[in-house]
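Scroll down for the structure; my scribbles are underneath it.
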Amino acid sequence: MYLNSHEWKNINWKNMRLTVWIQLVFTSCLIAQQVNISRDINVRNDFAYDVLAIENEIVFFRDKGFEFYFDLFDPNLEYRRSVELVLDEKKPMIENIHTIDSFVQIIYAYRDGPDYVARMVRCDKRINVTDTLELMRGAFLFSPGEMRSVISDDKSRLALFAIDKSNLFVVVIDTRKMEVSAAIDIEVPEYRLYEQFQEAAIANSGQVFFLFEKNNESWDKEKHMMRLVMTEGNESYQHDLVCINTLNSGVKMGVDNQNKAISIGGLYGTKNQNETEGYMIFSAAFNELRNPQMRDVQRFLFDDNILVDLNGIEKKNKKNVLNDFYTKTLIHRRDGGVVLVAELQREFTRRNAGISNFDRSMAASRGYVDYYSEDLILFSLQADGNLFWRKVLFKKQFSQDDEGIYSSFFMMKAPSQVHFIFNDEIKNNNTVSEYVIDPLGNYRRSSLLSTEYKNLKLRFQEAVQTSSTSFVVPSEKNGRINLVKISF
C-alpha cells in the first residue's frame with residue numbers, strides 16, 4: 001500500500017435487486033455507497049471458507065473436509081451456480097487457495113504411501129480445470145494440511161513452509177508460470193522455531209522473510225532477541241536483532257516492494273508486555289541483508305502528548321505509557337517510511353455468579369468472556385524512524401463469548417487514502433462506520449450503512465478488497481453466510 005495525493009470522486013451506480021443506497025455528506029461533497037447482499041449460504045457443516053475476487057466477480061469457496069465447492073456470484077452478488085471441485089486423490093487437504101489474473105489456483109496435499117505430495121490446480125473463473133502441477137513429493141515428516149503459506153502483494157509469488165523444532169523448509173512458487181522457483185531446508189540454531197515463530201512475508205521478487213523471537217518475558221528480558229531469516233533463491237541469510245532489556249506487545253513485519261526493503265515494527269516497554277512506553281522499528285534493504293550480522297532495533301519513547309491525544313485531557317503525574325495496545329499492521333509509505341497501526345484490545349473472564357457451589361462441572365464454572373476492541377493509534381514514521389504524525393481514531397466495541405470475531409476493523413487501501421471500516425457496536429441492529437485518512441494525517445469519520453432490518457452480523461476481519469473502490473465482507477449468523485459488497 002502506497003500513499004500519494006488523489007482527489008475525491010463521486011461515484012454513481014444503477015439500482016439493482018437487494019441494493020441499498022446510502023447518502024453521506026462530507027465537506028459539502030456528496031459521496032454514494034452501493035451495497036449489494038447475496039442470498040443465504042449454509043455453512044453449518046463446512047470446515048472452512050474463503051472469499052475470492054476474480055475479474056470483478058466473487059467466488060465463495062467451501063471446504064467440507066474432503067469435499068470442495070465453489071459458489072459463483074456476479075459483480076452485484078447475484079448467484080450464478082455452484083461447482084464441486086473433484087480431486088481424485090484420497091483425503092486431499094487444502095494448503096492454499098488464491099486468485100491471480102483470471103484464474104483460481106488451489107494447492108492441496110495428500111499421502112501417497114510414505115510420501116507427502118503437494119499439487120497445484122489452476123481453474124478458470126467458471127472453475128473448469130485448465131492445468132495441474134506436482135509441486136513436491138517426498139517422505140516429509142509433516143502431514144497434509146500442516147504447511148503454512150504466504151503470498152506476495154501482487155500474488156505472483158507464493159511460499160509454502162513447514163516449521164519443526166530447529167528447521168525451516170521453504171518452497172517458493174511462481175504462481176503465474178506455475179513452477180517451483182526454489183526449495184530450501186534451513187537450520188536456525190538457538191531458537192525453538194515452532195514455538196517462537198512470529199511472522200512470514202514474501203516479496204514480489206521472490207525473497208522470503210521469517211521472523212522468530214525469544215525471551216520476550218519480564219524475567220528473561222536481558223536475553224530478548226529476534227532472528228530475521230531471508231531466503232533468496234536457494235540461499236538463506238540470518239540476522240540477529242537486539243532487543244535486550246525491552247518487552248514488546250507483538251511485532252509485525254511487512255515488505256516494501258517499491259523500495260525493496262523489509263520493515264519490522266511494534267510497541268515496546270520495559271516492565272511487561274501490555275504496558276508500552278514507545279515504538280520500535282527496524283528497516284533494511286534486501287541487498288543489506290545479504291551480509292549477515294547483528295543489528296540493533298531502533299526505539300523511540302512516546303512524547304508527552306500521547307495521553308492527551310488518547311484521553312482528551314492531561315493527567316498529571318501520569319506516566320507516558322499505553323496499556324493493552326497491540327500492533328495490528330504496517331503500511332508502507334513511498335518515501336521508505338511506515339505507518340504503524342495499533343489497537344486497544346482487552347479480554348476479561350468472569351465467573352458465572354449464579355452457579356451453585358455444588359456444581360463443579362466445566363460448563364458451570366466457565367463463566368463469561370468479555371471482549372473489548374477499542375481505539376486505534378496510527379504512528380506515521382519517516383524513513384529514519386522519527387515520528388511524522390500520530391493520530392487516534394476512536395471506537396468502542398464490546399462483545400461477549402464470541403471470540404471477538406465481529407470486532408476490530410478492516411483496512412481498505414486506495415492510492416490516496418486508507419479506509420478503516422468497523423462495526424460501531426456488536427449487536428444485531430448496528431451501524432457500520434469508517435475513518436478515511438490521507439498521507440498527511442487528515443481524516444474524517446462517517447457512517448456507511450445500518451444493518452437494521454437486514455439480519456446481518458458483519459465480520460470485518462475477514463473482509464476482502466476487490467478493487468480500489470470496493471470490498472466484500474461476510475455476514476455470519478446462525479450457521480449462514482451472506483456476502484455484502486460495498487462500493488464507493
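- Under 3.5 Å, the side chains of Gln417 and Asp438 contain no donor-acceptor pair of N or O atoms.
- When the ring pair (Phe, Tyr, Trp, His ring centres under 6.0 Å) test is applied to Phe209, the partners found at least two apart in sequence or on another chain are Phe286.
- With Arg445 contributing its side chain and Phe394 its backbone, the two residues share a donor-acceptor pair below 3.5 Å.
- Using modelled atom types, one finds no donor on one side chain facing an acceptor on the other under 3.5 Å when comparing Asn76 with Asp74.
- For Phe47, the CZ atom sits in a loose shell: 12 or fewer heavy atoms of surrounding residues, nucleotides or ligands are nearer than 6.0 Å.
- Looking at residues two or more places apart in sequence or on another chain, you find a ring pair (Phe, Tyr, Trp, His ring centres under 6.0 Å) between Phe302 and Phe379.
- Cation-pi geometry between Arg148 and Phe197 is satisfied (NZ or CZ under 6.0 Å from the ring centre, within 45° of the ring normal).
- Salt bridge annotation for Lys427-Glu452: absent, with no cationic side-chain nitrogen under 4.0 angstrom from a carboxylate oxygen.
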- request: Step by step, work out the side-chain hydrogen bond (donor to acceptor under 3.5 Å, both in side chains) result for Asp309 and Asn305.
  value: CA-CA 6 Å; Asp309 292 347; Asn305 294 321; over 6 Å; no
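- Seen from the ring of Tyr79, Arg39 counts as a face-on cation partner, given the 6.0 Å and 45° thresholds.
- Under 3.5 Å, the side chains of Asn482 and Ser475 contain no donor-acceptor pair of N or O atoms.
- Checked by atom type, the side-chain pair Ser82/Asp71 shows a donor-acceptor distance below 3.5 Å.
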message: The test is side chain to side chain contact (heavy atoms under 4.5 Å, CB included); show your working for Arg346 and Asp370 and say whether it passes.
response: CA-CA 8 Å; Arg346 295 188 177 103; Asp370 296 337; over 6 Å; no
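- In this structure, the ring of Phe460 has its center no less than 6.0 angstrom from the ring center of Phe409.
- No donor-acceptor distance shorter than 3.5 angstrom exists from the side chain of Ser249 to the backbone of Asn274, with no hydrogens or angles considered.
- A donor-acceptor pair under 3.5 Å is absent between the side-chain atoms of Asn423 and the main chain of Glu425, judged by distance alone.
- When only modelled atom types and interatomic distance are considered, Tyr406 and Arg459 share no side-chain donor-acceptor pair under 3.5 Å.
- Counting only distance, with no hydrogens or angles, the side chain of Asn259 and the backbone of Ala261 share no donor-acceptor pair below 3.5 Å.
- Under 4.0 Å is where a charged nitrogen must lie from a carboxylate oxygen, and between Glu199 and Lys252 at least one such pair does.
- Lys155 and Thr99 are linked by a side-chain donor-acceptor pair at a separation below 3.5 angstrom, with hydrogens and angles left out of the test.
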field: CA sep, side-chain torsions, deciding dist, call: Thr175, His98, side-chain hydrogen bond (donor to acceptor under 3.5 Å, both in side chains)
entry: CA-CA 10 Å; Thr175 59; His98 62 274; 4.8 Å; no
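- Checking Gln207 against Glu232 by side-chain atom types alone, a donor-acceptor pair falls below 3.5 Å.
- A donor-acceptor pair is defined here as one N or O able to donate and one able to accept, closer than 3.5 Å; such a pair exists between the side chain of Ser38 and the backbone of Leu483.
- Remark: Arg122 qualifies as a cation-pi partner of Phe103 under the 6.0 Å distance and 45° angle criteria applied to the six-membered ring.
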query: After noting the C-alpha distance and the side-chain angles of Ser467 and Gln465, does the key distance pass the side-chain hydrogen bond (donor to acceptor under 3.5 Å, both in side chains) rule?
result: CA-CA 6 Å; Ser467 72; Gln465 185 165 343; over 6 Å; no
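- Put simply, the side chain of Lys64 never gets that close to the backbone of Tyr69: no donor and acceptor are under 3.5 Å apart.
- Considering CG of Asn430 and OG1 of Thr451, their distance stands at 4.5 Å, rounded to 0.5 Å.
- Defined by atom type and a distance below 3.5 Å, a donor-acceptor pair is missing between the side-chain atoms of Gln258 and Asp256.
- Counting all heavy atoms, side chain and backbone alike, Asp384 lies closest to Gln298 at O-NE2, 3.1 Å.
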task: Check the pair Phe410, Phe471 against ring pair (Phe, Tyr, Trp, His ring centres under 6.0 Å), reporting the backbone distance first and the verdict last.
output: CA-CA 10 Å; Phe410 166 62; Phe471 68 93; 5.0 Å; yes
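- Taking Phe142 as the reference, Tyr116, Met136, Phe140, Glu146, Met147, Ala162, Phe169 meet the side chain to side chain contact (heavy atoms under 4.5 Å, CB included) condition, with sequence neighbours excluded.
- Side-chain atoms of Asp375 come within 3.5 Å of backbone N or O of Lys395 as a donor-acceptor pair.
- Between Phe68 and Phe61, the two ring planes are parallel [angle under 30°; tilted spans 30° to 60°].
- Put simply, CG on Leu310 and CD on Glu374 are 9.5 Å apart, with the number rounded to the nearest 0.5 Å.
- For the side chain to side chain contact (heavy atoms under 4.5 Å, CB included) test, residues two or more places apart in sequence or in another chain that qualify with Arg480 are Asp40, Asn42.
- Ion pairing of Arg126 with Asp124 is absent here, as no side-chain N (NZ or NE/NH1/NH2) approaches a carboxylate O to less than 4.0 Å.
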- request: Determine, stepwise, if the pair Asp131 / Val121 fulfils side chain to side chain contact (heavy atoms under 4.5 Å, CB included).
  value: CA-CA 6 Å; Asp131 203 355; Val121 174; over 6 Å; no
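- Between Ser263 and Ser283, the side chains place a donor N or O and an acceptor N or O closer than 3.5 Å (distance only, hydrogens not considered).
- Not a single donor-acceptor pair under 3.5 Å links the side chain of Thr276 to the backbone N or O of Gly278.
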field: From CA spacing to verdict: ring pair (Phe, Tyr, Trp, His ring centres under 6.0 Å), Phe161, Phe210
entry: CA-CA 10 Å; Phe161 61 97; Phe210 298 94; 5.0 Å; yes
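- Annotation: side chain to side chain contact (heavy atoms under 4.5 Å, CB included) contacts of Ser399 (sequence neighbours excluded): Tyr371, Asp402, Ser407, Ile426.
- At a cut-off of 3.5 Å, with distance as the only test, a side-chain donor of Lys477 or Asn455 sits close to an acceptor on the other residue.
- The closest donor-acceptor contact from the side chain of Ser446 to the backbone of Ser433 lies at 3.5 Å or more, if one exists at all.
- Neither side chain, Ser408 nor Gln397, offers a donor N or O lying under 3.5 Å from an acceptor on the other.
- Considering Tyr368, Tyr372, Phe398 in turn, Tyr372 is the only one that fulfils the ring pair (Phe, Tyr, Trp, His ring centres under 6.0 Å) rule with Phe348.
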- request: Check the pair Met178, Thr132 against side chain to side chain contact (heavy atoms under 4.5 Å, CB included), reporting the backbone distance first and the verdict last.
  value: CA-CA 8 Å; Met178 280 190 71; Thr132 62; 5.8 Å; no
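- Between the side chain of Arg62 and the backbone N or O of Glu67 there is no donor-acceptor pair closer than 3.5 Å.
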task: Begin from the C-alpha positions of Ile202 and Val172 and carry the test side chain to side chain contact (heavy atoms under 4.5 Å, CB included) through to its verdict.
output: CA-CA 9 Å; Ile202 184 170; Val172 181; 4.2 Å; yes
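- Partners of Phe60 by ring pair (Phe, Tyr, Trp, His ring centres under 6.0 Å), not counting sequence neighbours, listed by chain and number: Tyr49.
- Electrostatic pairing of Lys125 and Glu55 counts as a salt bridge here, judged by a charged N lying under 4.0 Å from a carboxylate O.
- Of the N and O atoms on the side chains of Asn248 and Glu213, at least one donor lies less than 3.5 Å from an acceptor on the other residue.
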